[in-house]
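Some notes on the structure that comes next.
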Amino acid sequence: MAFFLLSWHGALVGYTGLHMHSASFTDILFRATSPVVLHDDGTIEPCEAFVKVVPVNSIGTRQFVALKANTHYLSSRAIDKLDTMPICAAWEHFLALPTALLPVLKDLTTRDWHENGRWVGRAVCHEHHIHLGDWKWPAEALQTERKGDTLTLWTEGSDQRITLTQCPSRTLSALLETLTERLQMGEIRPSQSTPWAATEELREQILKVSVAPGDTGHLLHLARQCGFFALWDLAAGFLSCARAQDTNPDLIYYAAILALRTKQYETAAHLLSEALNARFPDTDLQRIQPLLDRVNAGEDALLDLPRRLGRMGLPMFDGFFDQLLIPMPLARQNSHDVRQAYSTRFEEICSGQSIQRRLKILKAEAHFNGLSYWEEVNMGHASWLAGLRREADAHYAAAKALAIQTHIHPIHYNCGVFSWLSEAECDALSSRAVPDRLGLSGWEWHFSPEEEATASPPALCLVFGCDTGYFRFIPKLVLSLLRACRSTPPAQPIHLCIGVEQPTMEQLTFLTRVSEWLAAHDPHVKLSFTHGSLTHRDGATYTAIRYLMLPEIVARFRCPVITADCDGYFPENFTTLWQQMADTADYGFRLYAYNHEGQQVMGEPWGFGAGISYFGETDLLPPIAHFLSDYLNTAYDPKNPTNWCVDQCALAAAFRRFVAPRWNDLRLKFMDEGETLMVMPHHVGGKDALLTHEGSVSMTDVVVDLAHHTPLRSASLSGRP
């Protein structure tokens, strides 16, 4: 029997010519250098003529030797070189290593390994032992058994057996070779049905996997890239390799997506069931079973999984592979809820894409499924952002008709498609009398008692509208304005205008008392209000009240105007901030979708924040006010599935008509930049949080405050409103 000589550092003794040096397992196995061999009769080859083998104390069955010539020993004190020393410490002894172990030791120390899907890396040889993860074996005592990509290790007398899987596996290596060959042959290229495909990104992922095949993330990226190119067999293969390394249920869900894309519905249903049970082992999933049955029967019902899980209060799987579902050819047997789920996903994914990428997606979608609401609305967005207004209007009209015809409901920020008026329709507003379809012309107005020809003109009108429920925000709004004007009084009064849909008697009494008190005692704040019933009462019309009020307000007051949501309040330095804006801006809008060059760079035409707006050109306020009112009375249609966003549509259209053409000549303030003029729910964590932020305020609190500031303490205001 022959042995190699293993140093404490994990190197073998080798030689080139008769130059003795350290050698790796790979050097010896592939004959890059020759090994010094110890035979079982104690002879050593090829150094027998000048080196003597000196047996040293063995530890158990382990055989150690020293190599000596006269007074000097062969030393391996350094990691990568040999030397001669007059003394030889125990750790410098060489272990007699059976030559038959060389192939497995080479593999253990040069390849990455997994154990039960857990990456454990590669072994190191140190202190005459093999170390891998939490395991440690005497190097000479290893027993091994190979089966394909697996290697089972144990030592004699031990019951513990460890089975490792090599990385890259032969399967993974074969997949990489196949993919590389097809890439080199020019067989892989994007087409109209592969909008996400990018050849350079595919090459990048191949490189990453070739360098780190044990990285599950790299494998998942490569699997997805193959899916983008419709290389479904390779995508499934790389995903299978990733699943062999990681038991995360998300990966099983990814496999279900691949099966669905290749129309393997039974397999998709089985994998989806497996993923659900792995993710939610302690949850009764009977409510999901109908969805699994529908997938099994050939529907793309997997698309509806987020909604189903959401109803059960369960989180959705990771969405890393969701792009493989958009776009995709839909099964003919899909029910309405599946098509609705597809539409929702399509809209959400498209919203964040560049125009170039969006057009690729839309081209593929038209190729797969033909004309649809979701395709048309996104074609409208692409045309709009490209500056093609007429084309955009045509697509939005088609999208609206298709949505109504097929009963597909837009996602919330696309609901404006039902209320969007084309450029031609907007032009027609000024050429005809628009009837008051929403009913605000019949409301009763209560202007400040001080309102007369001799009164000081206001510096600013603040315009708000609400229904009875949202009136709960009005007391805090009123008191915060009073305190701001007391802190820094404006040079001219600020006029607060509030419209309330069907207020209670208590609310009307409150507004009347406050208005009368301000007229009598406060030169800085005035209050006028209007109330009545709208023809159509819903969330869309309530938010429109502020604009429906404007024609009457600007006809009476010639001053700048701020319109805003009523669920907010003014900071203490509001008057200072307002004056700074008045000095530096002609208009102010929440232009979150625009750059500072006036270009809309994202979103939809109605992607225009209506939360707070400033109109500083008083000469233009009458036509702007009438346009807003006419737009709302024209665009609102009770037959629409929803009129949500009608106020944003009106404001965006007014901006396009009166402001955008003069962008370079006007001073525009981005209301979301700098210190805010109003504290809004999105600043403090929601509507309920806003009511309590910096203190709750009721109608009674406002009346008590006014009584406290009344000269000679007027008794009439000390009671409850």
Side-chain heavy atoms of S613 within contact of M671, under 4.5 Å: no
Residues in salt bridge (charged side-chain N to carboxylate O under 4.0 Å, His left out) contact with R146, at least two apart in sequence or another chain: D107
Candidates P605, C426, S422, S383 - the one meeting side chain to side chain contact (heavy atoms under 4.5 Å, CB included) with D393: S422
CZ/R358: more than 12 non-hydrogen atoms of other groups inside 6.0 Å: yes
Set of salt bridge (charged side-chain N to carboxylate O under 4.0 Å, His left out) partners for E200, sequence neighbours left out: R203
R345/D322 salt bridge by N-O under 4.0 Å criterion: yes
Non-hydrogen side-chain atoms of K208 and H221 separated by less than 4.5 Å: no
E299 and S335 side chains, donor-acceptor separation under 3.5 Å: yes
Output field: ring centroids Y342/W374 closer than 6.0 Å: yes
Side-chain H-bond candidate by donor/acceptor type, W644 with D538, under 3.5 Å: no
pair I408-H336: side-chain heavy atoms closer than 4.5 Å: yes
Pairing of R537 and E501 as salt bridge, 4.0 angstrom limit: yes
Pair R118 + D246: basic N to acidic O under 4.0 Å: no
Stepwise side-chain contact (heavy atoms from CB on, under 4.5 Å) test for F229 and T199: CA-CA 9 Å; F229 281 91; T199 305; 3.9 Å; yes
CA sep, side-chain torsions, deciding dist, call: T163, T152, side-chain hydrogen bond (donor to acceptor under 3.5 Å, both in side chains): CA-CA 4 Å; T163 299; T152 301; 3.1 Å; yes
Trace of the ring pair (Phe, Tyr, Trp, His ring centres under 6.0 Å) decision for Y470 with F464: CA-CA 11 Å; Y470 264 64; F464 300 89; over 10 Å; no
Contact check, side chains of F471 and V500, non-hydrogen atoms, under 4.5 Å: yes
Cationic N near anionic O, under 4.0 Å, E115 to R161: no
Step-by-step ring pair (Phe, Tyr, Trp, His ring centres under 6.0 Å) determination, W606 to Y396: CA-CA 12 Å; W606 49 89; Y396 291 137; 5.2 Å; yes
Donor on one side chain, acceptor on other, E266 and N296, under 3.5 Å: no
Backbone N/O of I326 and side chain of W196: donor-acceptor pair under 3.5 Å: yes
Rounded distance (nearest 0.5 Å) linking atom CG of N378 with atom CD of E604: 9.0 Å
Parallel, tilted or perpendicular: ring planes of F655 versus F608, cut at 30 and 60 degrees: tilted
Stacked cation flag R224 on F320, 6.0 angstrom / 45 deg: yes
Polar side-chain atom of N369 near backbone of L330 as donor-acceptor pair, under 3.5 Å: yes
Basic-acidic side-chain contact under 4.0 Å: D233, R261: no
Using atom types as modelled, flag every donor-acceptor pair under 3.5 Å from a side chain in residues 305-315 to any protein atom, sequence neighbours excluded.
residue, atom, partner, partner atom, Å
R307, NE, D304, OD1, 2.9
R307, NE, D304, OD2, 3.4
R307, NH2, D304, OD2, 2.6
R308, NE, D304, OD2, 3.2

